[in-house]
Amino acid sequence: MTIQRAAELIGGARRGLALTGAGVSAESGIPTFRGAGGLWTRYDPVKVASIEYFMADPSAYWSVSKDRGSVALAARPNPGHHALAALETSGRLVAVVTQNTDGLHQASGSRTVIEVHGSSRTVECLDCGNREPRGDVQARLDMEMPPRCRICGGIFLKPTVVLFGEPLPRAAIQQAFTLAREADVMLVVGSSLVVYPAADIPLVAARSGAQLIVINAEPTPFDELAAIVIRGKSGEVLPEIVELIGG
Ligand code: OAD
């Protein structure tokens with residue numbers, strides 16, 4: 001019944017917008033940050049994922065990032081990613097704003113993907129600015145720790161993700177808030193909605209008149225604001241919604 005209502009709202013959307021978080025990629029095998037089995041239940045994010053920590057000790061950063069990187073590089077889009085791509089193709093979504101850095105939305109066929117926390121698929125040398133694919137750096141982590149820049153030999157090779165203490169990509173965040181203000185339906189999937197400013201995106205959409213739909217495995221701070229809350233797995237709920245909308 002709730003899924004039926006969500007399908008009706010999304011099916012009638014003219015400027016639908018999705019915001020996704022780590023939960024969308026959980027069924028592709030990439031662990032979330034919070035919630036059951038989350039990365040931050042094992043590590044302190046301020047230590048592991050802050051720019052200060054990285055600059056103080058790139059080896060320590062890479063020793064944690066190494067495992068997550070190999071999982072993410074091998075991951076494939078799941079039915080939740082494919083369903084979101086289908087909603088864009090059929091004109092129900094104008095874009096997917098994502099806090100994820102794994103590139104799985106693009107791999108599933110979504111065309112307008114706004115990465116507000118950057119991308120882990122590329123690594124940049126903070127000394128000389130040279131960029132390399134993450135896979136190339138990943139391949140030499142067993143021999144070289146921390147990995148060194150192939151051009152200048154520097155040790156500050158950082159994935160182009162936003163670490164704590166770093167600014168967000170300005171153009172991406174501006175585009176996301178513009179689309180949120182224009183949205184008539186705002187779909188939030190697989191995010192704990194506790195990291196700002198990304199969590200403000202659905203708030204701005206709702207205040208600008210969008211109907212808010214939250215699909216998440218656990219409660220979120222925005223559930224009370226939502227027109228519809230669906231507690232479940234995105235890889236199951238989203239394909240069901242696409243099926244109900246029917247093309
Ligand atoms: P979180 O790990 O905080 O939240 C993921 C949410 O997804 C949790 O509430 C889970 O209950 C839910 N979940 C898990 N599996 C799911 C499934 N199959 N279907 C639906 N929901 C599921 O992830 P984010 O909200 O994305 O920051 O985290 C936000 C930011 O915090 C990340 O971008 C990262 C992190 O520190 C940066 O990298 C800057």
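Whatever order the structure lists ligands and atoms in, that order sets their numbers, starting from 1.
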Residue [X] excluded, over 12 heavy atoms near [atom1] under 6.0 Å:
{"X": "Arg231", "atom1": "CZ", "answer": "yes"}
{"X": "Lys158", "atom1": "NZ", "answer": "yes"}
{"X": "Arg14", "atom1": "CZ", "answer": "no"}

**OP:** State plainly whether one hydrophobic cluster holds both Leu93 and Val237, where clusters connect Ile, Leu, Val, Met, Phe, Trp and Tyr through side-chain heavy atoms under 4.5 angstrom apart.
**Re:**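 Leu93 and Val237: one cluster.
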**OP:** Following the transitive rule for hydrophobic clusters with a side-chain heavy-atom cut-off under 4.5 Å over Ile, Leu, Val, Met, Phe, Trp and Tyr, establish whether Leu238 and Leu104 coincide in one cluster.
**Re:**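 Per the 4.5 Å side-chain linkage, Leu238 and Leu104 are not co-clustered.
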Original post:
Honestly, is Arg170 close enough over Phe177, meaning NZ or CZ under 6.0 Å from the six-membered ring centre and within 45° of the axis?
Top reply: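 Cation-pi check for Arg170 and Phe177: fails.
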Does ligand 1 have any N/O pairs with the protein under 3.5 Å, and how far apart?
unit_1   : atom_1 : unit_2 : atom_2 : d
ligand 1 : 2 (O)  : Phe33  : N      : 2.7
ligand 1 : 2 (O)  : Arg34  : N      : 2.7
ligand 1 : 3 (O)  : Arg34  : NH1    : 2.7
ligand 1 : 3 (O)  : Ser192 : OG     : 2.6
ligand 1 : 4 (O)  : Ser192 : N      : 3.2
ligand 1 : 7 (O)  : Gly190 : O      : 3.4
ligand 1 : 7 (O)  : Asn216 : OD1    : 3.4
ligand 1 : 9 (O)  : Asn216 : ND2    : 2.9
ligand 1 : 11 (O) : Glu218 : OE2    : 2.6
ligand 1 : 18 (N) : Glu27  : OE2    : 2.7
ligand 1 : 19 (N) : Ser234 : N      : 2.9
ligand 1 : 19 (N) : Ser234 : OG     : 3.4
ligand 1 : 21 (N) : Ala217 : N      : 3.2
ligand 1 : 25 (O) : Ser191 : OG     : 2.7
ligand 1 : 25 (O) : Ser192 : N      : 3.0
ligand 1 : 25 (O) : Ser192 : OG     : 3.4
ligand 1 : 26 (O) : Ala22  : N      : 2.8
ligand 1 : 28 (O) : Arg34  : NH1    : 3.2
ligand 1 : 31 (O) : Arg34  : NH1    : 3.0
ligand 1 : 31 (O) : Arg34  : NH2    : 3.3
ligand 1 : 33 (O) : Gln99  : O      : 3.2
ligand 1 : 33 (O) : His117 : ND1    : 2.7
ligand 1 : 36 (O) : Trp40  : NE1    : 3.1

